[in-house]
Each structure stands twice: as C-alpha cells, then as structure tokens.
Amino acid sequence: MDQGNNSGVTEFVLHGLSGSREIQLFYFAFFTLFYSSIVLGNLLLVLTIISEPALHTPMYFLLSNLSFIDVCLSSFATPKMIVDFLLEHKTISFEGCMAQIFFLHVFGAGEMMLLVAMAYDRYVAICRPLHYAAIMSVRKCTGLVVGCWAIGVLHSVSQLVFTVNLPFCGPNKVDSFFCDLPLVIRLACTDTYVLQILMLSDSGLIAMSSFVLLLISYVVILVTVRRRSSVGMAKARATLTAHVTVVTLFFGPCIFIYGWPFGNFPADKVLSVFYTVFTPLLNPLIYALRNKEVLSAMRKLKSRQVSS
C-alpha cells in the first residue's frame with residue numbers, strides 16, 4: 001500500500017516470520033499445534049485448580065490467574081499469525097493494529113504485576129509462615145489480582161494515547177508478525193524521539209523495575225531457605241526454582257525489546273515469538289508437571305470425568 005504524504009494509512013502490512021512458502025506451511029502446522037497446547041494446557045490447569053478444594057489456596061489462586069493471562073497473551077496475535085501463514089498478503093487494519101498494541105500491553109504488564117504478586121505470596125509463605133493465613137486472605141488475593149489488571153490497563157492506555165494520534169502517511173510495513181509498539185511508532189510521519197523516550201520510561205521501566213523487585217525478593221527468600229533444612233523448605237525451594245525460571249524466560253525478551261526502543265535488532269522478532277507464544281506454554285508445564293499436588297488433582301479430575 002503506497003499512499004501519498006498527505007493521505008492517512010488505513011492498514012499495515014506485516015512481514016511475518018518468513019517469506020518462504022515452504023517454511024510458512026511448516027510454521028502453520030507448528031504454531032497451530034503450539035497454540036492449541038497453550039490454550040488446552042492453561043485452561044486445564046485453571047479447571048483443575050477450580051475443581052479441587054485442596055488447591056483453593058492463595059498460591060494456586062494466583063497461578064490460575066496467571067494461566068488465564070497466558071491464554072489472553074498468546075491469543076491477541078497468534079491466531080492471526082497462524083492464518084497469515086496461508087496468505088500471500090498479510091495486512092491488518094489501523095484499528096486492528098492499535099487493538100493489538102493495547103492488548104499486548106494490558107496482558108504483558110498484567111502478567112508482570114502478577115508475577116510480582118506471586119513472589120510476594122512466596123515471600124510471606126516462606127519468610128513469615130506463622131502470619132501467612134492472616135496476610136494472604138481472600139480479600140488480599142483478590143485485591144492483588146484486580147490491582148494487576150488495573151495497572152495493565154493504565155499502562156496500556158498511557159502507551160496507546162500517544163500512538164493512536166500519530167500521523168501515519170507511509171511507509172506502512174511492520175517487520176514482525178504483529179503490531180509491536182517500537183516498530184509502529186517508527187512509521188509515523190513525524191519526529192518520534194520524544195515518544196520513544198516516553199516509551200522507554202514506561203514499558204522499559206515497568207519491565208526493569210518489576211524484574212529487579214523480583215530478583216530482590218528471590219534473594220531474600222533464598223537466604224531464608226538456606227537457613228532452614230526441613231522438608232517444607234525443600235518444597236519451597238522447588239517452587240521458587242519454577243518461579244525464577246518463568247520470570248527469566250518472560251522478562252528477558254521484554255527487557256531486551258523495550259529497553260532499547262531506538263534499535264531494530266533481527267533477534268527482536270524471535271524474542272517476540274518467545275514471550276507471546278513459548279512462555280505461555282512453559283508456565284503450565286513448569287508449574288503442573290513438577291507439582292505433585294496439581295498432578296494428583298488432575299488425576300482426580302480425570303477419574304471423575306471417566307466415572308460420570
């Protein structure tokens with residue numbers, strides 16, 4: 001789509017992941033299987049936690065919300081990406097592009113905040129076990145989840161309010177499989193230096209500050225765990241290892257992409273796939289397959305379904 005300097009862009013062209021027809025067909029099969037696994041795996045984890053009374057604890061309540069956000073995070077762009085593998089011309093409307101940016105930052109920031117809330121839950125459970133029930137009440141957990149969503153919405157609105165009113169007159173090619181904010185604002189027909197600074201201070205800061213906060217909390221927890229050698233601490237250590245793995249896999253790509261908004265690195269596209277597609281599948285695998293309580297609850301759920 002080649003429009004004049006005075007005309008507005010009504011759609012964007014997505015480059016996708018590859019220009020090879022054979023590779024795109026392989027990607028279609030691969031990501032269809034991957035996305036189906038994400039949705040089924042995370043929804044199964046949510047259903048298991050809801051159906052098993054023994055899992056009605058703050059930790060699993062937060063985990064079920066993490067699975068729900070993972071489904072949302074993987075769904076804002078992945079279904080379109082899968083369909084686009086079969087199309088020669090990959091386009092998205094201006095409104096659709098802005099919607100992708102909005103939902104990416106809602107779910108992305110929401111997940112960051114939820115991981116912080118989960119770290120806080122583990123801190124209270126390990127460092128202040130006698131006060132855990134009083135501190136992590138149902139009201140407190142609900143408030144944490146609502147706060148995570150609220151921060152996600154506010155963060156996304158603050159990003160979009162600057163972007164939606166930018167003048168776009170061409171070019172309109174986005175070198176990714178979805179509308180990523182750093183790539184889209186570079187297409188504006190105006191100087192976006194100040195806007196990129198604002199994006200750095202918003203997206204980059206929220207990712208980096210959350211990551212640093214998580215690292216500090218994990219160091220405090222690890223120091224506490226090392227001072228104790230009970231069976232309960234061994235279980236806490238295993239849970240903490242899962243949290244650290246998820247945090248590293250999720251925050252690493254986000255910080256790389258949004259911490260340096262002025263660059264355009266070839267690895268950005270791969271990293272975008274990683275935190276929007278791969279990480280949402282790893283979460284149920286890490287938390288479920290390594291957790292005896294969840295596996296036991298899944299077996300009970302399966303037996304109930306068979307008997308009914």
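Residues take their numbers from the sequence shown, with the count starting at 1.
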All ring-ring contact (aromatic ring centres under 6.0 Å, His included) counterparts of Phe250, not counting sequence neighbours
none
Hits for disulfide (SG to SG under 2.5 Å) against Cys148, two or more places apart or cross-chain, chain-then-number order -> none
In the hydrophobic clustering (ILVMFWY, side-chain contacts below 4.5 Å, transitive), which residues join Val83, or is it alone?
Leu87
Check salt bridge (Lys or Arg N to Asp or Glu O under 4.0 Å) between Lys90 and all other residues, then give those that pass, not counting sequence neighbours.
none
Applying side-chain hydrogen bond (donor to acceptor under 3.5 Å, both in side chains), name anything that partners Ser64, two or more places apart in sequence or on another chain.
none
I want to check something: taking the side chain as every heavy atom from C-beta on, are Phe94 and Asn172 in contact at a cut-off of under 4.5 Å?
no
Please list all pairs meeting salt bridge (Lys or Arg N to Asp or Glu O under 4.0 Å) that have one or both residues in residues 147-171, counting only residues at least two apart or in different chains.
none
Please enumerate all residues that pass side-chain contact (heavy atoms from CB on, under 4.5 Å) together with Leu47, with sequence neighbours excluded.
Leu301
Would you check if there is a donor-acceptor pair between the side chains of Tyr60 and Glu293 at a distance under 3.5 Å?
yes
So the side chain to side chain donor-acceptor pair (under 3.5 Å) pairs with at least one residue in residues 29-42 (sequence neighbours excluded) are Tyr35-Ser75, Asn42-Ser67
Which residues satisfy the side-chain contact (heavy atoms from CB on, under 4.5 Å) test with Leu215, sequence neighbours excluded?
Phe211
Please go through Val46's hydrophobic cluster and name the other residues, only I, L, V, M, F, W, Y counting, with side-chain heavy atoms under 4.5 Å joining them.
Ile50
Check side-chain hydrogen bond (donor to acceptor under 3.5 Å, both in side chains) between Tyr123 and all other residues, then give those that pass, not counting sequence neighbours.
none
Listed partners of Phe274 passing ring-ring contact (aromatic ring centres under 6.0 Å, His included), at least two apart:
Phe278
